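Report on one structure; see the data block that follows.
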Amino acid sequence: MSHSSSNPAGSNLKMGLPIPNSKLGMWLFLGTEIMFFTAFIGSYIVLRMGSKGWPSDPHVTHINVIAGGINTFVLIVSSYCVVVAHDAMVKKHFKTALKYLWITSALGLLFMGIKSFEYYGKFDHGILPGQIAENDWQAAQNAMTDFDEAVEYTGYSDMKLELASLELEVAGAEGSAKESMQAEIAELKESIAAIDPFANDVKKFKTFVKKEEWDFAGLTAEVSTLKESYPDQASHIHDPHVILYGNIFASTYFLMTGFHAIHVIVGLILFGMVLRQGSNLDETWTDWVENSGLYWHFVDLVWIFLFPLLYIVDFTS
Amino acid sequence: MAYRDTDHDDHSHGHVSYLVIFFALVIFTAISVIADIVHIPNNAVKTVIVMSVAVAKATCVLLFFMHIKFEGNWKYILLAPTTILAIGLPIALMPDVATSYYISDVPQKYDYDEFMASHGDHSEGHGEAEHGENGHEAGHGHEEGGDHNHHEGESDKHAEGDAHSKSEKEGSDSDAAESSDK
């Protein structure tokens with residue numbers, strides 16, 4: 001469509017851009033991705049600047065700058081490997097290209113591994129959008145919910161229901177069936193009695209909270225006492241903590257890093273398609289490698305901005 | 001629209017050592033991490049350092065790894081609209097949300113002073129017992145300051161949403177606040 005031979009009288013006009021269609025397509029896509037990420041990063045910046053009291057203490061946010069720094073380093077090395085791989089493809093050194101693409105993919109997986117470790121830390125500390133207490137009353141509500149769940153987890157209410165239905169049944173039973181039911185009833189009563197003190201103390205705690213005569217220190221003390229009295233059932237429960245703007249912090253954090261992680265996975269799939277070729281890799285894949293490289297560099301670029309914005313900067317003066 | 005020119009990649013690769021760019025990127029990363037670990041007292045300075053490092057790293061990746069330095073003029077046509085939208089839109093939003101041009105009326109704003117008084121700054125290592133006392137004193141000062149009561153009158157609709165958030169549960173001074181809340 002574009003060769004000069006189709007133009008009149010020896011003109012040397014060439015149409016279009018001097019790059020393959022796929023490369024142009026990838027660049028246009030990256031342009032839209034820039035806008036995509038700018039939307040989230042921009043709203044994070046704007047919201048954070050407007051929120052006096054946004055959590056910035058790493059002990060509260062559980063944001064580890066060393067983990068972030070290592071992730072940045074990992075992505076930079078992987079970008080370098082992609083560039084070397086593409087260079088090798090151009091020079092038709094397909095084995096070298098394959099080797100460097102394997103290293104790139106491995107580094108991408110390492111990035112996801114460190115990210116999962118960071119996410120696990122967040123989940124473990126209850127940092128999830130919509131789950132964080134932003135004032136004392138919400139902290140008390142969280143504590144009540146946690147204790148209720150701890151009681152549920154022991155099977156307390158299930159056992160009580162079973163006991164009730166067995167007691168109804170046993171009245172009409174006879175012989176060996178009746179004996180086995182009575183044995184079961186005795187067992188259930190024993191198990192329920194074992195959990196009764198915990199369940200009753202949780203009820204007392206809830207009454208204490210609802211009377212609203214406590215302050216934060218008092219609430220923390222009550223929770224600690226309850227946890228210490230029942231280490232088996234309650235030791236995993238979080239101490240009450242209040243994070244102002246914690247929920248929007250968690251929202252923006254997971255949105256940005258989550259979308260970035262999805263993009264990393266897509267990049268790994270792109271490389272996977274090349275790696276599948278193995279020894280059959282040939283020059284028809286050069287464009288694919290170049291474009292996947294462009295995509296991967298973009299992912300690195302986004303992380304280069306996410307890292308300082310999430311892990312380092314503080315907008316308070 | 002675009003065609004494949006088989007000679008197009010000869011003109012560039014000889015001049016750039018990717019390894020040099022890689023080391024530059026590593027050094028820049030190290031600078032950012034150090035800027036955080038070493039406590040720089042002025043947050044604005046830290047932000048400027050760290051964001052300039054980010055821009056420098058982005059430039060290295062964009063120009064050399066992504067090869068933009070050696071591409072034709074189409075790069076301007078492609079990147080101009082995206083850059084304008086990417087930078088222009090947040091700047092357009094900043095006056096509304098990031099600065100205090102409009103009064104932000106969120107529950108956290110009312111909680112902020114009480115929260116800072118009773119929960120304080122963790123990095124200063126306040127104990128929980130101290131928090132309770134500080135909160136108590138701040139609660140007194142806060143109620144009598146008058147600002148809190150001023151807002152209460154105007155924003156009863158917020159009070160319904162989370163009536164408990166304003167009532168500090170410490171002693172009789174808050175009873176007056178509670179009764180006007182409910």
Side-chain angles (χ1 to χ4, degrees), chain A residues 2 14-21 24 27-28 31 34-35 38 42 45-47 49-53 57 59-60 65-66 69 72-73 76 79-80 83-84 87 90 134-137 212-218 220 242 244-245 294 297 300-301 304-305 307-308 311-317, chain B residues 1-5 8-9 13 18 22 25-26 29 32-33 35-37 43-44 46-47 50-51 53-54 57-58 61-62 65-66 72 74 78-79 81-82 85-86 89-90 93-94 97-99 104 108 111-112 115-116 118-119 121-123 128-129 131-132 135-136 162 164-165 168-170:
Chain A
S2 52
K14 285 181 182 161
M15 282 180 63
L17 296 177
I19 53 174
N21 281 345
L24 176 67
W27 268 113
L28 286 171
I34 291 175
M35 294 188 277
T38 312
I45 294 174
V46 163
L47 284 167
M49 284 176 76
S51 306
K52 188 177 173 201
D57 183 355
H59 295 117
V60 170
V65 75
I66 300 294
T72 313
F73 177 71
I76 289 174
S79 273
Y80 172 72
V83 140
V84 170
D87 227 17
V90 166
E134 294 200 31
N135 55 51
D136 293 347
W137 179 248
E212 299 184 31
E213 288 165 4
W214 44 270
D215 63 358
F216 189 74
T220 315
V242 172
L244 208 60
Y245 291 112
L294 284 175
H297 290 129
D300 188 18
L301 216 56
I304 283 173
F305 282 105
F307 171 58
Y311 290 78
I312 305 181
V313 302
D314 194 348
F315 289 112
T316 57
S317 42
Chain B
M1 284 260 174
Y3 66 89
R4 166 139 216 150
D5 181 358
H8 85 277
D9 26 35
H13 290 265
Y18 292 124
F22 168 69
L25 286 169
V26 171
T29 309
S32 320
V33 175
D36 191 42
I37 295 180
N43 269 333
K46 181 168 87 167
T47 305
V50 151
M51 290 316 291
V53 161
K57 283 161 70 176
V61 169
L62 206 49
F65 283 1
M66 291 172 100
W74 55 264
L78 198 105
L79 292 175
T82 63
L85 283 171
L89 281 177
L93 283 172
M94 264 187 218
V97 182
T99 67
S104 112
Q108 287 90 343
D111 294 332
Y112 177 67
F115 172 80
M116 290 311 280
S118 64
H119 295 271
D121 188 355
H122 288 267
S123 60
E128 279 304 322
H131 278 170
H136 202 77
D162 198 3
H164 301 281
S165 68
E168 197 60 56
K169 294 122 194 91
E170 39 188 34

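Only heavy atoms go into these numbers, but all of them, side chains included; no hydrogens, no water, no symmetry mates. These numbers were taken from a predicted model, which means no experiment stands behind them. Lettering follows sequence order; numbering is per chain, from 1.
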Q. Are any non-hydrogen side-chain atoms of A:D136 and A:D215 less than 4.5 angstrom apart?
A. no
Query raised in the report: Taking C-beta and beyond as the side chain, do B:W74 and A:I19 meet within less than 4.5 Å on heavy atoms?
Result: yes
Chain B shares the most heavy-atom pairs under 4.5 Å, among A:I34, A:V313, A:I76, with A:I76
Comparing A:V84, A:I66, A:V65 against chain B, the one with the most heavy-atom pairs below 4.5 Å turns out to be A:V65
Distance from [X] atom [atom1] to [Y] atom [atom2], nearest 0.5 Å?
X	Y	atom1	atom2	value
A:F305	B:K57	CZ	NZ	9.5 Å
A:L301	B:F65	CG	CZ	11.5 Å
B:Y18	A:D87	OH	CG	5.0 Å
A:I312	A:F307	CD1	CZ	4.0 Å

With a 4.5 angstrom heavy-atom cut-off, is it the side chain or the backbone of [X] that approaches chain A, or both, or neither?
X	result
B:K46	side chain
B:M66	both
B:L78	side chain

Under 4.5 Å to a heavy atom of chain B? For A:L28 that would be both
Honestly, the part of A:Y311 sitting under 4.5 Å from a heavy atom of chain B is backbone
